[in-house]
Amino acid sequence: AAVNPKLRASALAHLKAAAEQLPDVVEAQARYGVALILSQELNLGRQYLQNALRLGNAEPQYQVWAAWSMVQAGYPEEAEPIVEHLRNGLSQGRISRDLEATVHLLSGEVHQARRSPADLAKAVAEFERSYPGKTPPPAILLRMAQIDVQLGKPDSALKRIDALRASGQ
């Protein structure tokens with residue numbers, strides 16, 4: 001459904017005001033950062049998410065957004081410590097297991113962004129861990145096909161894409 005532009009602008013204005021008036025509140029910084037990212041203001045959104053992380057105790061959902069935005073902006077080295085922090089939280093039971101697949105996906109994105117053959121192999125392994133015992137989602141198959149191409153294996157990439165076509169996806 002189309003979003004009313006006036007409502008979107010109003011919501012962004014309120015979040016901006018909260019972030020400006022509450023510079024030491026993690027939630028205000030993080031929510032505005034996510035809203036900016038969703039509004040295609042990736043760099044500014046990433047900055048607000050980084051502010052929230054520096055303040056400490058950011059909820060895992062905001063850590064995920066921060067890591068994702070950093071990888072997408074081309075800074076996998078900034079995302080990696082966040083992903084490791086999330087991974088440690090999972091292993092220590094501080095973070096819900098519901099985020100486990102997401103952490104594997106983020107880790108795969110970090111490795112893929114580095115582009116070395118060793119990192120690309122690690123990316124495939126992380127993507128595969130994101131759907132244990134399940135059929136891989138189409139988006140994951142496409143990412144792995146992309147990695148196959150980066151590794152010089154176009155035949156493997158085409159097999160993955162053919163599997164998607166055959167399933168109607």
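Starting from 1, each residue takes its place in the sequence as its number.
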#### Entry: Least distance between heavy atoms, A157 atom then V149 atom
CB-CG2, 3.6 Å

### Task
If a pair satisfies salt bridge (charged side-chain N to carboxylate O under 4.0 Å, His left out) and one of its residues is in residues 21-32, list it, with sequence neighbours excluded.
E27-R31

### Message
Quick one, M70 with E77, criterion side chain to side chain contact (heavy atoms under 4.5 Å, CB included). Give me CA distance, side-chain angles, the key distance, then yes/no.
### Response
CA-CA 9 Å; M70 288 173 198; E77 67 282 354; over 6 Å; no

### Query
Can you hop from V83 to W65 via hydrophobic side chains spaced under 4.5 Å?
yes

### Query
Do other residues, nucleotides or ligands put more than 12 heavy atoms under 6.0 Å from Y75 OH?
no

### Task
Starting at CZ of R114, measure out to CD of E80 and round the result to the nearest 0.5 Å.
4.0 Å

### Task
Kindly indicate whether the side chain of Q21, heavy atoms from C-beta on, has any atom under 4.5 Å from the side chain of K16.
no

### Message
Give me the atom names and distance for the closest heavy-atom approach of L49 to A30.
### Response
CD2-O, 3.8 Å

### Query
In terms of hydrophobic clusters joined by side-chain contacts under 4.5 Å, are I95 and L105 together?
no

### Query
Nearest 0.5 Å, what's the CG-NE2 distance between L86 and H104?
11.5 Å

### Message
Tell me whether Y131 shares a hydrophobic cluster with L99, the cluster being built from Ile, Leu, Val, Met, Phe, Trp, Tyr side chains joined at under 4.5 Å.
### Response
no

### CD1 on I147 to CG on L120, rounded to 0.5 Å
6.0 Å

## Note on the structure
Nearest heavy-atom contact between A123 and Q112 is CB-N, 3.7 Å

### Distance (rounded to the nearest 0.5 Å) between E126 CD and E109 CD
11.5 Å

### Side-chain (S10) to main-chain (K6) donor-acceptor, under 3.5 angstrom
no

### Query
Which one of L36, I37, L38 satisfies the side chain to side chain contact (heavy atoms under 4.5 Å, CB included) criterion with V34?
L38

### Task
Look at atom CZ of R115 and say whether more than 12 heavy atoms of other residues, nucleotides or ligands are closer to it than 6.0 Å.
no

### Summary
Joining Ile, Leu, Val, Met, Phe, Trp and Tyr whenever any side-chain heavy atoms lie under 4.5 Å apart, the cluster holding V26 also takes in L55

### Task
Identify the heavy atoms of G108 and F127 that sit nearest to each other, and give their distance.
C-CZ, 3.7 Å

### Atom pair CG/OG of L44 and S69 - distance to nearest 0.5 Å
11.0 Å

### Task
Say whether I82 and L42 are linked into one hydrophobic cluster, either directly or through other cluster members, by side-chain heavy-atom distances under 4.5 angstrom.
yes

### Task
Examine distances only and state if a side-chain atom of Q29 and a backbone atom of N51 form a donor-acceptor pair shorter than 3.5 Å.
no

### Query
Are V110 and L90 joined in one hydrophobic group, where the rule is that I, L, V, M, F, W and Y side chains link up if heavy atoms are under 4.5 Å apart?
yes

### Query
Going through the distances and angles, do T102 and W68 end up as a side chain to side chain contact (heavy atoms under 4.5 Å, CB included)?
CA-CA 10 Å; T102 302; W68 178 82; over 6 Å; no

### Message
Using the rule given for side chain to side chain contact (heavy atoms under 4.5 Å, CB included), can you reason through V64 versus Q61, listing the C-alpha separation, both sets of side-chain angles and the distance that settles it, and then say yes or no?
### Response
CA-CA 5 Å; V64 167; Q61 66 181 345; 5.7 Å; no

### Task
Would you mind telling me which of R143, K153, R160, K159 makes a salt bridge (charged side-chain N to carboxylate O under 4.0 Å, His left out) with D148?
R160

#### Entry: Within 6.0 angstrom of N4 CG, more than 12 heavy atoms from elsewhere
yes

### Query
Applying salt bridge (charged side-chain N to carboxylate O under 4.0 Å, His left out), which residue pairs with at least one partner in residues 48-61 are found, sequence neighbours left out?
none

### Query
NE2/H111 to CG/L106 distance, rounded to the nearest 0.5 angstrom?
11.0 Å

### Query
Under a 4.5 Å cut-off applied to non-hydrogen side-chain atoms, are Q169 and L141 in contact?
no

### Message
Looking at D98, is its backbone amide N or carbonyl O close enough to the side chain of S96 to form a donor-acceptor pair, meaning the two atoms are under 3.5 Å apart?
### Response
yes

#### Entry: Chi angles and distances behind the side chain to side chain contact (heavy atoms under 4.5 Å, CB included) call for M144, E128
CA-CA 9 Å; M144 291 192 295; E128 288 174 345; 3.8 Å; yes

### Query
Does atom CZ of R8 have more than 12 heavy-atom neighbours from other groups under 6.0 Å away?
no

### Message
If you define the side chain from C-beta out and look only at heavy atoms, does anything of R165 sit under 4.5 Å from D162?
### Response
yes

### Message
Please give me the minimum heavy-atom distance between A58 and L53, naming the atom from each residue.
### Response
CB-CD2, 3.9 Å

### Message
Using a 3.5 Å distance criterion without hydrogens, assess whether the side chain of S107 forms a donor-acceptor pair with backbone atoms of V103.
### Response
no

### A19 versus Y48, closest heavy-atom pair with distance
CB-CE2, 3.8 Å

